[in-house]
Amino acid sequence: MAVHCCWYQGSLFLFCFFLGFLCFPADAAVKKYQFDIQVKNVSRLCHAKPIVTVNGMFPGPTIYVREGDQVLVNVTNHAQYNISIHWHGLKQFRNGWADGPAYITQCPIKTGHSYTYNFQVSGQRGTLWWHAHILWLRATVYGAIVIMPKQGTPFPFPQPYFEANIVLGEWWSSDVETIVNQANKLGLPPPMSDAHTINGKPGPLFPCSEKHTFAMEVESGKTYLLRIVNAALNDELFFAIAGHNMTVVEIDAVYTKPFTTQALLIAPGQTTNVLVKADQSPSRYFMAVRPFMDAPVPVDNKTATAILQYKGIPNTVLPTLAQLPAPNDTNFALSYNSKLKSLNTPQFPANVPLQVDRHLFYTIGLGQNPCPTCQNGTQLTASLNNITFVMPKVALLQAHYFNIKGVFRTDFPDRPLAPFNYTGAPLTANLGTSLGTRLSKLAFNSTIELVLQDTNLLTVESHPFHLHGYNFFVVGNGIGNFDPKKDPAKFNLIDPPERNTVGVPTGGWTAIRFRADNPGVWFMHCHLELHTMWGLKMAFVVENGKSPEESVLPPPKDLPPC
């Protein structure tokens, strides 16, 4: 009671007043959540299957906090799988122990065991999300995080009448872990999903799904804030609402210069907040979602839907269909991403590093390695700078903190060892990669520029990259090979978008900058689960600064053992 009493109104106010010494200020509440990982039967697309859930919910519960709050989430594992939870986009300053990726910052929580994630939410407000960070369990273990601004701090855009979370996902009719294990034995990708979902529901265009449709009621003339999360495993998604424009006001919990669009593009791991005005003739309108794929890669291209329903309109009215860009509309993708810019105001500045201490250049490639037991004698793989990351058996942060030898090396190369024409004709020879648990060591507070370059090894493809522990500025991107002489002159160093997950365009490159001011071990990986599984990942060791306030915090007592 003492912790939360400041949040209540009325008669409790006097009680709080007299017990003021017990009462935290409103901007430093402690929020406690219990996450029970449990298996539950869920029915979609005409049949039921057991899925891993949090508290029996799919999607899982939303975490509501205010900027400045301390959050305690006790995760108890009742499922047959090891589990860990990642709080995607939360910076976890000096506190990698609460970040969550299995074998990177912690060993997983075993069946029958618990672990409390204890973290502070500071300097961030907006929409983020949480998800399982082990195996493919984030197929069903995910939910939104809503961080409200500090008390009395308004949004830098018109106050909405109401807000709603729109969490986009993917659904497989088969057991996901089973089909992934079968595919790995064959050295091939697993089958693509059977449907996309909006708040866990595919919508009425799918069989047996009338009752599995998310609907949102709106009143004419009112403005609504939609907090949109792409929790899909492998697909960048277009999102649109029939007949309605959307105004983008935030990405990855960072405010943006508002712009209006008829459709959004959102990669796995990203979040986007939009304002929607209920300004059309009262009726029912489909919200629709479908993948964007401009490479020769098969995707589940069926359209999932939800319904925007004006108050007083009966359910018998057929919803208007939404217009989505073509599945391979590269021009829309490039144009949409070019409109994303930081607000860059005195209150919300864009502190872009202008001087760069270290330039990194990482190529993204698919490959094939020998596999005598696989179907073709080879298995598909993925790499950065031709290195396929091997997951350790001890968490990297523990190995770093306790100086445990032999777990990882810090010789990840700053650039590819053998330069080539990265995006020229498809390369189908010499597709082998080298395997290793190799990290890159960054000096505390150094400024980093990283260029991520797609390659045409087997095929070009778009890759959403997520960096744990940090936001970064997306200062440039382009199609073809990055030109270190000409391209930096075109970088946006004034108001580039700031985010935690960025799409590298198909057959192109993206340049990001960040300041390495958060000590610890921080994972960086493609957020397509297929590519992560194949090794498209690495990690940075950011060294401690000079003082204790610039050093990794000690591990919590209940950190899961390896």
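Quick note: numbers below take in every heavy atom, side chains included, and nothing from hydrogens, waters or symmetry partners.
Salt bridge present: Arg409 and Asp411 bring a charged side-chain N and a carboxylate O closer than 4.0 Å. Taking a cutoff of 4.0 Å between a charged side-chain nitrogen and a carboxylate oxygen, Glu529 and Arg138 qualify as a salt bridge. Between Asp69 and Arg66, none of the side-chain N atoms (NZ, or NE/NH1/NH2) sits under 4.0 Å from a carboxylate O, so this pair counts as no salt bridge.
Using cut-offs of 30° and 60° for the angle between ring planes, the Phe465 and His463 rings count as tilted. Using the six-membered ring where Trp is involved, Tyr422 and Phe361 have ring planes that are tilted, between 30° and 60° apart. Below 30°, between 30° and 60°, or above 60°: for His133 and Phe523 the angle between ring planes is between 30° and 60°, a tilted geometry. The aromatic rings of His131 and His86 lie perpendicular to each other, with more than 60° between the two planes, well past the 30° mark.
Screening residues 478-517 for ring-ring contact (aromatic ring centres under 6.0 Å, His included) gives Tyr470-Phe514, Phe482-Trp509 as the qualifying pairs, with residues at least two apart or on separate chains. For residues 337-359, the ring-ring contact (aromatic ring centres under 6.0 Å, His included) pairs, not counting sequence neighbours, are Tyr255-Phe348.
Judged by distance alone, with hydrogens and angles left aside, the side-chain atoms of Asn456 form a donor-acceptor pair with the main-chain N or O of Val460 at under 3.5 Å. For Asn369 (side chain) and Gly432 (main-chain N/O), no donor-acceptor pair under 3.5 Å exists by modelled atom type.
Other residues, nucleotides and ligands contribute only 12 or fewer heavy atoms inside 6.0 Å of the CG atom of Asn430. Counting non-hydrogen atoms of other residues, nucleotides and ligands closer than 6.0 Å to NZ of Lys339 gives a total above 12.
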Working note: His113 + His78, criterion ring-ring contact (aromatic ring centres under 6.0 Å, His included); need CA distance, chi angles, decisive distance, verdict.
CA-CA 8 Å; His113 292 256; His78 305 281; over 10 Å; no

CA sep, side-chain torsions, deciding dist, call: Phe119, Trp97, ring-ring contact (aromatic ring centres under 6.0 Å, His included):
CA-CA 9 Å; Phe119 52 90; Trp97 312 110; over 10 Å; no

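In summary, the side chains of Asp357 and Gln355 do not present any donor paired with an acceptor at a separation below 3.5 Å, with no hydrogens or angles considered.
For Tyr115, the ring pair (Phe, Tyr, Trp, His ring centres under 6.0 Å) criterion is met by Tyr117, not counting sequence neighbours.
Two rings, from His527 and His88, have their centers less than 6.0 Å apart.
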